[in-house]
Q: 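The structure that follows is given in the form of structure tokens.
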Amino acid sequence: MKFFVDTADTDAIRELNELGMVDGVTTNPSLIMKSGRDIKEVTKEICNMIPGPVSAETVATDAEGMIAEGLELKKIADNIAVKVPLTWAGLKACKVLSDQGHMVNVTLCFSANQALLAAKAGATFISPFIGRLDDLNLDGMDLIADIREIYDNYGFETNILAASIRSVNHMSEAAKIGADVATAPPDVIKKMAQHPLTDKGLDAFLKDWASTGQSIL
Ligand code: E4P
């Protein structure tokens, strides 16, 4: 499973990238707002750092506007994936942009039927939002499983990009189901390294080592 980082925080992206944890980046208007930076400037900095797909989201609500914004965002760097919402207009924009050879990430997906439409429209990525479904007492992970089954049934090449990830369990569950990519906030990716038994075991080893009076260097 590929790891995308769901942030426009360039320091956080850099830190994870140094460990080889970043296959791509996703941003959205809320994350750009949170960064407090200009969309083109911050996206350019991210694209210079990460060679993989960097999603930048359109904000127009009509297809023509999305296409125009998408083409403008594409000028930032070759590795931009234009993000459009899963509306009828978004699907139209997806079809036009993907026919022109651009990567398109169709976002705000909450049903298997929406994902089916996005694949038919040529999406490079479909972004089902797990956490926001869980927030409504639904099971976001069921949606990932349904989309996996449908795409595999028909050989759709659209990548399932598990989004709105809130916990480390979301990461392992998405990987077990076979999501192609998971995009997660930096703190979730870092938390994946944590286990209380690792900390406990390390404490015991260090205590025993200290009692030997030895040193390796
Ligand atoms: C994905 O592309 C979205 O930017 C993101 O995962 C949304 O996550 P949220 O539901 O935690 O805002």
Side-chain angles (χ1 to χ4, degrees), residues 1-10 12-13 16 21-37 39 42-43 45-47 50 52-61 66 69-70 73-74 76 79-87 90-91 93-94 97-98 102-111 114-115 117-119 121 123-144 147 158-175 177 179-192:
M1 185 172 72
K2 289 190 173 157
F3 281 17
F4 286 4
V5 191
D6 198 27
T7 187
D9 177 339
T10 51
I13 295 168
L16 288 169
M21 300 291 175
V22 185
D23 299 304
V25 173
T26 50
T27 64
N28 63 37
S30 305
L31 293 170
I32 296 293
M33 181 202 71
K34 214 166 147 193
S35 77
R37 296 181 58 185
I39 183 170
V42 71
T43 308
E45 188 178 335
I46 296 169
C47 288
I50 306 297
V54 174
S55 290
E57 190 158 341
T58 58
V59 290
T61 52
M66 288 179 205
E69 288 178 357
L73 292 168
K74 279 296 304 183
I76 296 172
N79 55 331
I80 288 286
V82 178
K83 218 172 172 189
V84 296
L86 212 157
T87 57
L91 291 169
C94 173
L97 291 167
S98 61
H102 304 303
M103 286 189 286
V104 181
N105 177 356
V106 181
T107 190
L108 289 167
C109 170
F110 294 96
S111 79
Q114 287 182 318
L117 291 174
T124 317
F125 300 102
I126 181 69
S127 290
F129 275 35
I130 301 172
R132 294 192 194 187
L133 285 168
D134 287 0
D135 289 345
L136 297 181
N137 255 344
L138 298 166
D139 190 341
M141 217 43 81
D142 283 350
L143 175 58
I144 302 291
I147 300 172
T158 299
N159 291 280
I160 302 175
L161 198 173
S164 185
I165 282 189
R166 305 271 171 79
S167 70
V168 293
N169 287 347
H170 279 158
M171 291 297 275
S172 49
E173 288 302 313
I177 291 167
D180 300 290
V181 190
T183 189
D187 64 309
V188 171
I189 295 177
K190 288 176 84 174
K191 271 188 203 147
M192 290 169 75

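As the structure lists them, so they are numbered: ligands from 1, and atoms in each ligand from 1.
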Q: Check each atom of ligand 1 against the heavy atoms of A163 and keep those under 4.0 Å away; list them by number with element.
A: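 With A163 as reference, the close atoms of ligand 1 come out as 1 (C), 6 (O).
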Q: Compare S127, S55, S164 and give the one whose heavy atom is closest to atom 8 (O) of ligand 1.
A: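 Comparing heavy atoms across S127, S55, S164, the nearest one to atom 8 (O) of ligand 1 lies in S164.
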Q: Would you say N28 has any N or O atom under 3.5 Å from an N or O of ligand 1, going by distance alone?
A: yes
Q: Evaluate side chain to side chain contact (heavy atoms under 4.5 Å, CB included) for L143 paired with I130, printing each intermediate quantity in order.
A: CA-CA 8 Å; L143 175 58; I130 301 172; over 6 Å; no
Q: Can you check side chain to side chain contact (heavy atoms under 4.5 Å, CB included) on L16 and I189, steps first, answer last?
A: CA-CA 8 Å; L16 288 169; I189 295 177; 3.8 Å; yes
Q: Check for a donor-acceptor pair, side chain of N28 on one end and backbone N or O of S30 on the other, with a separation under 3.5 Å.
A: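 Looks like yes, one N/O pair under 3.5 Å.
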Q: Using only atom types and a distance under 3.5 Å, with no angle test, would you say the side chain of T27 pairs donor to acceptor with the backbone of S55?
A: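 A pair under 3.5 Å: yes.
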Q: Please write down residue, atom name and distance for the protein heavy atom closest to atom 7 (C) of ligand 1.
A: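 Heavy-atom neighbour on the protein nearest atom 7 (C) of ligand 1: F129 CE2, 3.6 Å.
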Q: Would you sort out whether T43 and L73 count as a side chain to side chain contact (heavy atoms under 4.5 Å, CB included), showing the intermediate values?
A: CA-CA 9 Å; T43 308; L73 292 168; 5.8 Å; no
Q: Which of the atoms of ligand 1 are close to K83, meaning less than 4.0 Å from one of its heavy atoms?
A: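 Per the distance check, 1 (C), 2 (O), 3 (C), 4 (O).
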Q: Looking only at atom types and distance, does a side-chain atom of N159 sit under 3.5 Å from a main-chain N or O of F125, one as donor and one as acceptor?
A: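 It does not hold such a pair.
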Q: Quick check on side chain to side chain contact (heavy atoms under 4.5 Å, CB included): which of I126, T158, V104 does C94 satisfy it with?
A: V104
Q: Mark up the atoms of ligand 1 that fall under 4.0 Å of a heavy atom belonging to R132, in ascending order.
A: 7 (C), 9 (P), 10 (O), 12 (O)
Q: For E57, state whether at least one heavy atom is located under 4.0 Å from any atom of ligand 1.
A: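 No, E57 has no heavy atom closer than 4.0 Å to ligand 1.
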Q: Can you find an N or O of D6 that's nearer than 3.5 Å to an N or O of ligand 1?
A: yes
Q: Suppose I only count heavy atoms of R166 and a 4.0 Å limit; which atoms of ligand 1 are within that range?
A: 9 (P), 10 (O), 11 (O)
